[in-house]
Amino acid sequence: MAVMNYAAAAAASLKAAMQADASVVALGEDLGRGGIFGQYRGLLEDFGPERIIDTPISEATIVGAAVGMALTGLKPVVEMRVIDFALCAMDEIVNQAAKNRFMFGGQGRVPAVIRMPIGIWSASAAQHSQSLESWFAHVPGLVVLAPSTPQDNYSLLQAALQCGDPVAYFEHKELWATEGEVDATQRVDIGRARILREGRDLTIVSWSKAAIWSAEAAAQLANHGIEAEVIDLRTLWPWDRETVFTSARKTGCVLIVHEAVQVAGFGAEIAATLAEEGMAKVARLGGPRVPVGYAPLLEAEVRVTPDRIVAKAKALLGR
Amino acid sequence: MAVMNYAAAAAASLKAAMQADASVVALGEDLGRGGIFGQYRGLLEDFGPERIIDTPISEATIVGAAVGMALTGLKPVVEMRVIDFALCAMDEIVNQAAKNRFMFGGQGRVPAVIRMPIGIWSASAAQHSQSLESWFAHVPGLVVLAPSTPQDNYSLLQAALQCGDPVAYFEHKELWATEGEVDATQRVDIGRARILREGRDLTIVSWSKAAIWSAEAAAQLANHGIEAEVIDLRTLWPWDRETVFTSARKTGCVLIVHEAVQVAGFGAEIAATLAEEGMAKVARLGGPRVPVGYAPLLEAEVRVTPDRIVAKAKALLGR
Amino acid sequence: MKQSNITSPGLLELYRAMCRIRAFEDAAEEASRGGVAAFGQTAGSQANVRGPLHLSTGQEAVAAGVCAHLKPADYLTSTHRGHGHTLAKGADLERMMHELFGKASGFCGGRGGSMHIADFSVGMLGANGVVAAGVPIAVGAAQSIKIRKADAIAVTFFGDGAINRGPFAESLNWAAAFQLPILFVCEDNQWSATTKTGTMSAGGGAAARARAHGIEAEEVDGNDVVAVSETARQLIADIRAGKGPRLLHARTYRFKGHVSVDPAIYRDPAELEAALKSDPLLIAAEQLRAQGIEQTQIDAVMQQARDEVAAAVRSALAAPWPAKDAAWSEIQDTGAGQWQ
Amino acid sequence: MKQSNITSPGLLELYRAMCRIRAFEDAAEEASRGGVAAFGQTAGSQANVRGPLHLSTGQEAVAAGVCAHLKPADYLTSTHRGHGHTLAKGADLERMMHELFGKASGFCGGRGGSMHIADFSVGMLGANGVVAAGVPIAVGAAQSIKIRKADAIAVTFFGDGAINRGPFAESLNWAAAFQLPILFVCEDNQWSATTKTGTMSAGGGAAARARAHGIEAEEVDGNDVVAVSETARQLIADIRAGKGPRLLHARTYRFKGHVSVDPAIYRDPAELEAALKSDPLLIAAEQLRAQGIEQTQIDAVMQQARDEVAAAVRSALAAPWPAKDAAWSEIQDTGAGQWQ
Ligand SMILES: Cc1ncc(C[n+]2csc(CCOP(=O)(O)OP(=O)(O)O)c2C)c(N)n1
Ligand SMILES: Cc1ncc(C[n+]2csc(CCOP(=O)(O)OP(=O)(O)O)c2C)c(N)n1
Ligand SMILES: [Mg+2]
Ligand SMILES: [Mg+2]
């Protein structure tokens, strides 16, 4: 047990994985100096440049090469820096990594973890603020993870490396500095949500940074006499229907909250599923369908804040 | 008024646009020989190689160059051949084309129409059979169109070129040979759905090839005494809520049908919206979350066929 | 004709490899008649081989000449036009034909077809439906070899049109920066689909681009299997000796249309006619005769290949289809193939 | 030092252009203290300039020397490190500062900030947050010029790290294949973020890659504004004369960290120290003195620039913020900015 931040937890997790399994390598730009967010700090010193691989600025080849590595016995952790740059490697992620096993009838596997930090962060404007996790949930072959705490970042990275499938791994840029207890022995299974807070009036389903804010919103709602149950999904594919359904049956009311654009976001999938099951009243709160602006006020305008979550929850409950 | 197929309708529409507006150009691979589906047939002869531009196999630069053309006074029609290859140009589509106007505060516009044929077609297997329209609906700045008839392909291409926004334009590969009447004077407004068939028991919302099959399913359902209203959405962004809502209120039951993978497909957005409005019972039928296989039986297994639509509709109605 | 150091049994083996490819392609073409989709046509459901079928007829010398120097431990990635490479790398011809027929006993269990032909067991990591996509994958395989200190190299085939895609250039730089054991092979058939590549490719071609990245490159007559083999042998020896990546640019010609149903009306018939005179099989046969091999022996090699392929077609026809379940399996372990 | 054909007023103008860039960057850096996010830090809300701020301090000669030969009708695309290029292309300095401060009166109305600085009215089509993304956009602008038979050229700046991205290579081929009026300028500051580019770039660099695509290229000391200007002048003359694309590789140095808050602890301080001796402003001042210009006159130019920038900072501070509505507008005409 140790207290560390979300970035350090990822580094510690990767270090443990690399110690345990010689086939794990990491590749991406600037990894040798610890990665631009410090999430690879110290690893070069421990594992050398053949396993902590600094690469040219060649996103397509970063992922393409990772596919080749994965097919030939390695387990590459691929750093995309921010999801926005993963757009330079979508063929490699979707057509090459995700479909490989099926296309070739199971002759190969692509056990690669592709890290694509998401989210609005520090006035980074339209090309560095996206959250596109729903795209990856739409792609057969991929596992989709989005941890929100140092513990989950530690444990889900372990799980991602063990699962043997290509994993789209989303860390949130505004979480790097979040501190928390990390127990290296704690397992988190892929596909298992975590109940952040119990409640009977309303279920809030969320993930990543928005889950933290949903918990804040739930605390505020409690002051208004509304007991919200908050579920941090953690895994978008496969997602934990059981936990969501159980809670939905209990509260009869589900609000799904995410930072990504609401239109065609993954919240739609959950809301649609709940609606098909006829299980609860549903509402969504995602980002507006606008690019993220630079000025503080423009950036703030599109954020899914605790206040907005509270307002939406109240509207859903008709209070 | 003339009878022509879906590919020829697109060619005729583009020809009319190029005649009317000298700033319209088209670029992509093999356009000089009419495009691999014949959808540019005859245009080189009329407009020469400076306006019907054969390009190297350089998808990123095809779209990137189109952005530069659009910013400097041209209206490029960009051919991606199949959506699967557009994955080689996602940065250019999303970060460069879609966000340009906002990012630069409205200094420029990117009036480019990006044609990305979708769909399962002729044993083309996992890398040539995708339908990813929901991705583009998720991206601020883009208009998203998906015509299903020769007339709509003619008229929506006109509308796309006139709207001044970057347009993600999805033709379905299995529709190229579909014949139909085309009236060159008929306008189709972006954002306006078409009611293919009226009915009172159930609303089926669909688009592209799946709309055609939904109409076939509706004919079968009529034999079972079920009158389905079939809506061809035609435009995914902005989508025609009014038409969908009106029908949903009438029938109380909505089935959304599309060929794309159901998980995080655009059907989720519609279902979620209807659920939020509490307007109708909803169900979705999209493709399974699996890659498309080559063998006829494997390809057939994942298709959203009229029979499957019928079955799902009956289940939704409890009949 | 370039002087050869390859002894006559070597040449006969190269010839045999080429004959097997030619026979395979001819049979695949035949089996696809009326069935393969492209150029606005939709696949007839009666044909045995469906989907886009890209034939390497006329390009056999490149596959045979390069792969003659590879071991099963060496990795190979290929293009949409990959039958020849796969055969030359040692894949079982019969299981390849089964895959083209979409049968359960094919290498991909009928999931992949021609565009995804592969035999991972001999290091053939796959044909690819996306132009140039195999190149970075091979680069990664080469890097993996280096990291794992394995005794192998990687080879990647790509077309003349593919050199204009970004991942090709990125891969050249990457392979040179990391000094990886990889051979880049540009199989230049002068055409990219319906486009004469020369009109779209600037500068000195694949070899010049490689050299600009510090990669030594050789250009060769890709219709002369002896020349290809000799040049590949030297380049591969350099790579195995740890001298870093190399590139081979082989000039050949695409005898058929872009896909099997493409009549290629866009090209001058005279061009094809001229090219047919440099048929790599004719050239090799002549070389064999010059070495004193009897014509009957040469003919027998081809006949044997045709017989082998005919048997493969018969067995492919008889083989069972994949079960429906195959559509739902081999996707992922976690959250596998579900409807929703 | 290379002999110059540029007369002394020309050099003074170049020096003035560089001073304005230096003063702008220094002021932007100052305004970003404690506020710009990167390297694990989150933006302090008090700073006036937020977000990743990439300074071109030390690289002024490249922007000034190239853009001296451009007209407003010429198009320019730039990188994440684009202030200098934008100023040199003729954008209003005050409105640029307003944009960095996120104000409504900035060029992008506060929507873009430093990474999206632009002034379309003088042909400056934008900085870009994606490495190499501006290159194909400039290629398209050049093709548009050719198609519209306009009297203009396009120029694109990109970094030494950017040459390893696919779109750069695709663009070289494309520009050469279509013989477009475009100048590629590799602004080589020897670093890519925290990585010494040399370790990741194989071969002869940008110029060698251009030549492999049939594009004539020149290499120049990017700290010598006279040399840059002279070489650019010749290349641009060729381009305007319809001789097709050209590439200029200018070697310079990044005085600051990758972003303003990056202390660049990963680099040897001696490297910076040596580089500071080749400060392009020092070199130009020496050249001016050699031409007989008085030191006081030289100092006055810099003082003027600093005064102009200080005034811009004051007016930026006072300028109003964008209205909330700005978050919802200038997105698209059809289906514009909606929550859902
Ligand atoms: C990224 C991408 N763009 C376009 C295509 C369509 N396409 C398939 S093969 C081909 C021509 C390729 O030419 P070349 O690389 O010379 O290979 P060849 O077909 O001649 O063997 C094209 C454009 C594709 N499959 N992938
Ligand atoms: C496609 C892409 N990959 C990575 C980044 C992150 N990044 C921003 S600047 C930079 C270094 C670029 O180096 P260079 O091209 O030499 O430009 P310089 O910063 O030195 O001006 C990197 C890696 C990015 N913005 N876009
Ligand atoms: Mg070719
Ligand atoms: Mg640099």
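Computed from heavy atoms alone, side chains included, the values below leave out hydrogens, waters and symmetry copies. Each chain gets a letter, A, B and so on, in the order the sequences are listed, and its residues count up from 1.
- Scanning all heavy atoms of the two residues, the minimum distance from C/Phe101 to B/Tyr294 falls at C-CE2, 4.5 Å.
- For chain C, the nearby part of B/Thr55 is the backbone; its heavy atoms alone come within less than 4.5 Å.
- Scanning both residues, C/Val130 and B/Cys88, for their nearest heavy atoms gives CG1-SG, 4.1 Å.
- Distance check: B/Leu298 CG to C/Arg111 CZ gives 7.0 Å after rounding to the nearest 0.5 Å.
- In terms of heavy-atom proximity, B/Ser58 sits nearest to C/Asn164 at OG-O, 2.7 Å.
- Of all heavy-atom pairs spanning B/Ser124 and C/Pro52, the tightest one is OG-CD, 3.9 Å.
- Residue B/Ala126 comes nearest to C/His116 through the heavy atom pair N-NE2, 4.4 Å, listed as atom of the first residue, atom of the second, then distance.
- Residue C/Lys196 qualifies as enclosed at atom NZ: its count of foreign heavy atoms under 6.0 Å is above 12.
- Rounded to the nearest 0.5 angstrom, B/Gln127 CD and C/His80 NE2 are separated by 12.0 Å.
- Note that the OG1 atom of C/Thr194 and the CG atom of B/Asp54 stand 6.5 Å from one another [nearest 0.5 Å].
- Across C/Ala327 and B/Glu301, no two heavy atoms sit closer than the pair CB-CG, 3.6 Å.
- Contact of the B/Pro296 side chain with the C/Arg50 side chain is registered, since non-hydrogen atoms from C-beta on lie closer than 4.5 Å.
- C/Asn128 touches chain B through backbone and side chain together, each having a heavy atom under 4.5 Å away.
- For chain B, no part of C/Ala133 is nearby; none of its heavy atoms comes within less than 4.5 Å.
- A side-chain contact (heavy atoms from CB on, under 4.5 Å) with B/Ile57 holds for exactly one of C/Val131, C/Ile163, C/Thr195, C/Asp160; it is C/Val131.
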